[in-house]
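Keep in mind that the numbers below use all heavy atoms, side chains included, and drop hydrogens, waters and symmetry copies. Note that the coordinates shown come from a computational prediction; the quantities given were computed from them, not determined experimentally. Order of the sequence lines fixes the chain letters, A, B, ..., with proteins taken first and strands second; residue numbering starts at 1 for each chain.
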Amino acid sequence: MIMDYNKLLKNKLNQKFYLEETEIVAKNLIGKLFVKKNNSSLLIARITETEAYLDQNDESSHSCKGITNRNKSMFMIGGTLYVYFIYGVHFCVNIVTKDEGKGAAVLIRAAEPLAGIEIMKQNRQIHNFEKLLIGPGNFAKAFNFNKNDDGKSLLSNDIFISDDNYSTEIITTERIGISKSINLQLRFYDRNSKFVSKK
DNA sequence: GCAAGGATCTAA
DNA sequence: TAGATCCTTGCC
């Protein structure tokens, strides 16, 4: 198990990883390590569940009606964070894909906590380890993501994703919580992980 | 099963 | 500027 920050940094995903087709990036992100570091803490989690939101023919994607003040970071270059506020309560963390101006992203729906667990529990105000990072709103809360993080780059040394060659078995399903384009098979999770919102 | 909650967008 | 909507969650 890799817990050394320098090793995580060495294996950080590069720009090219994020420029691929959104479905590919969403699948490839399963099993990767999400890392967030600040002065006092290092939070690490293994991504277990994602959803792709496309730049074309996807009515449930925020980008489907063009660029607005809310979704503008979704149109930035692949590898950018798109963080939005939803239902007056929660933030959701997305990873922008493809080239600048497209409007495609991958929603992080769940992850397995690996480091900084006490801080995640504090942020969530719960003690249940199993459910710390289950659900997009919960993932964002545990990592203390908010509007300030919208538009940040994942190529930085503070927030990034790292590859430790973890092997996964990807299951593909319909997405959760949407009312349009519901038939698209754009949700992905690791069959062998118990840290998934819904099997 | 459904309310909470606030930002955003559309229609007027 | 009112009203509907929203990639959710946790409680009833």
Side-chain angles (χ1 to χ4, degrees), chain A residues 18 21-30 32 34 45 47-76 78-98 102-113 120-152 154 159 161 170-190 194-199:
Chain A
Y18 299 105
E21 285 300 317
T22 312
E23 305 93 310
I24 305 295
V25 178
K27 276 188 216 175
N28 287 345
L29 280 172
I30 304 292
K32 298 295 187 291
F34 196 103
I47 297 169
T48 57
E49 179 181 348
T50 63
E51 282 178 357
Y53 287 86
L54 310 182
D55 53 313
Q56 285 181 10
N57 304 316
D58 182 1
E59 286 188 287
S60 68
S61 176
H62 285 177
S63 61
C64 74
K65 287 180 180 165
I67 191 164
T68 67
N69 191 258
R70 182 201 197 199
N71 69 16
K72 62 189 178 209
S73 58
M74 194 173 174
F75 289 82
M76 293 171 76
T80 301
L81 279 172
Y82 170 41
V83 181
Y84 63 84
F85 191 54
I86 188 87
Y87 293 114
V89 189
H90 305 287
F91 289 98
C92 290
V93 178
N94 296 255
I95 292 155
V96 178
T97 61
K98 307 185 70 169
K102 294 286 187 184
V106 174
L107 173 69
I108 306 296
R109 287 197 56 89
E112 173 182 358
M120 292 179 189
K121 286 180 175 174
Q122 277 179 31
N123 291 341
R124 283 291 317 279
Q125 305 270 28
I126 64 165
H127 297 290
N128 188 336
F129 172 78
E130 307 285 324
K131 298 196 170 173
L132 267 183
L133 303 177
I134 307 301
N138 291 331
F139 176 85
K141 192 172 181 187
F143 270 84
N144 194 29
F145 274 114
N146 56 57
K147 203 65 191 162
N148 292 330
D149 299 297
D150 185 40
K152 284 186 181 174
L154 284 168
I159 307 170
I161 300 174
I170 308 273
I171 303 290
T172 303
T173 74
E174 294 170 352
R175 294 173 293 183
I176 293 174
I178 55 171
S179 57
K180 298 171 188 167
S181 300
I182 57 174
N183 54 324
L184 297 178
Q185 302 291 302
L186 293 175
R187 172 172 173 260
F188 309 98
Y189 68 86
D190 182 4
K194 60 179 177 179
F195 298 91
V196 168
S197 69
K198 185 180 153 199
K199 294 253 178 184

Review point. Is there a side-chain polar atom (N or O) of A:Thr68 under 4.0 Å from OP1 or OP2 of B:dC9?
Key: yes
Exercise for review: Examine C:dC6: is either OP1 or OP2 under 4.0 Å from a nitrogen or oxygen in the side chain of A:Lys180? Give yes or no.
Suggested key: yes
Review point. Between the side chain of A:Asp150 and the main-chain N/O of A:Val83, is any donor-acceptor distance below 3.5 Å?
Key: yes
Review point. If you measure only the distance, is there a donor-acceptor pair under 3.5 Å linking the side chains of A:Asp190 and A:Thr48?
Key: no
Check your understanding: With no hydrogens and no angle check, do the side chains of A:Ser60 and A:Asp58 hold a donor and an acceptor under 3.5 Å apart?
Key -> yes
Check your understanding: Among B:dA7, C:dC6, C:dT9, which nucleotide sits nearest the side chain of A:His62?
Key -> C:dC6
Check your understanding: Quick one: does A:Tyr84 reach the base of C:dC6 with a side-chain donor-acceptor pair under 3.5 Å?
Key -> no
Practice item. For C:dT8, take OP1 and OP2 only and decide whether either is under 4.0 Å from a side-chain N or O of A:Arg109. Key: yes
Practice item. Could you state the atom-to-atom distance from NE2 of A:His90 to P of C:dG10 in whole Å? Key: 7 Å
Review point. Is the distance from OP1 or OP2 of B:dC9 to the nearest side-chain N or O of A:Asn69 less than 4.0 Å?
Key: no
Review point. How would you label the contact of A:Ile178 with the nucleic acid (heavy atoms, under 4.0 Å): base, sugar-phosphate, or nothing?
Key: sugar-phosphate
Practice item. Counting heavy atoms from C-beta on, name the nucleotide in C:dC7, B:dA7, C:dT9 closest to the side chain of A:Pro136. Key: C:dT9
Exercise for review: Applying ring-ring contact (aromatic ring centres under 6.0 Å, His included) between A:Phe145 and each of A:Phe91, A:Phe85, A:Phe34, report the one that passes.
Suggested key: A:Phe34
Review point. Would you say A:Phe188 and A:Glu51 make side-chain contact, with heavy atoms under 4.5 Å?
Key: no
Check your understanding: Is the phosphate of C:dG10, meaning OP1 or OP2, less than 4.0 Å from a side-chain N or O of A:Arg124?
Key -> yes
Point to revise | For atom NZ of A:Lys65 and atom C1' of B:dC9, their distance in whole Å | key: 9 Å
Practice item. Find the distance A:Glu59:CD to C:dC7:P and express it as a whole number of Å. Key: 12 Å
Review point. Is the closest side-chain donor-acceptor distance between A:Glu21 and A:Thr97 under 3.5 Å?
Key: no
Check your understanding: Is the closest side-chain donor-acceptor distance between A:Thr172 and A:Arg187 under 3.5 Å?
Key -> no
Point to revise | Touch class at under 4.0 angstrom, heavy-atom based, for A:Lys147 against every strand present | key: nothing
Study note, to complete from the structure: Taken to the nearest whole Å, NZ/A:Lys131 to P/C:dC11 is 10 Å
Review point. Which part of the nucleic acid, if any, lies within reach of A:Tyr87 when heavy atoms closer than 4.0 Å are counted: base, sugar-phosphate only, or nothing?
Key: base
Review point. Hey, are the side chains of A:Tyr53 and A:Thr22 touching, using non-hydrogen atoms and a 4.5 Å cut-off?
Key: no
Point to revise | For DNA chain C, the dot-bracket pattern of Watson-Crick and G-U pairs whose distances stay under 3.5 Å, | for other-strand partners | key: ||||||.||||.
Practice item. Using whole Å, report how far CD1 of A:Ile86 lies from P of B:dT8. Key: 11 Å
Study note, to complete from the structure: The nucleotide from C:dT9, C:dT8, B:dT8 with an atom nearest the side chain of A:Arg70 is B:dT8
**Study point:** Proximity to the side chain of A:Ser179 - top-ranked nucleotide from C:dC7, C:dC6, B:dA4
**Key:** C:dC6
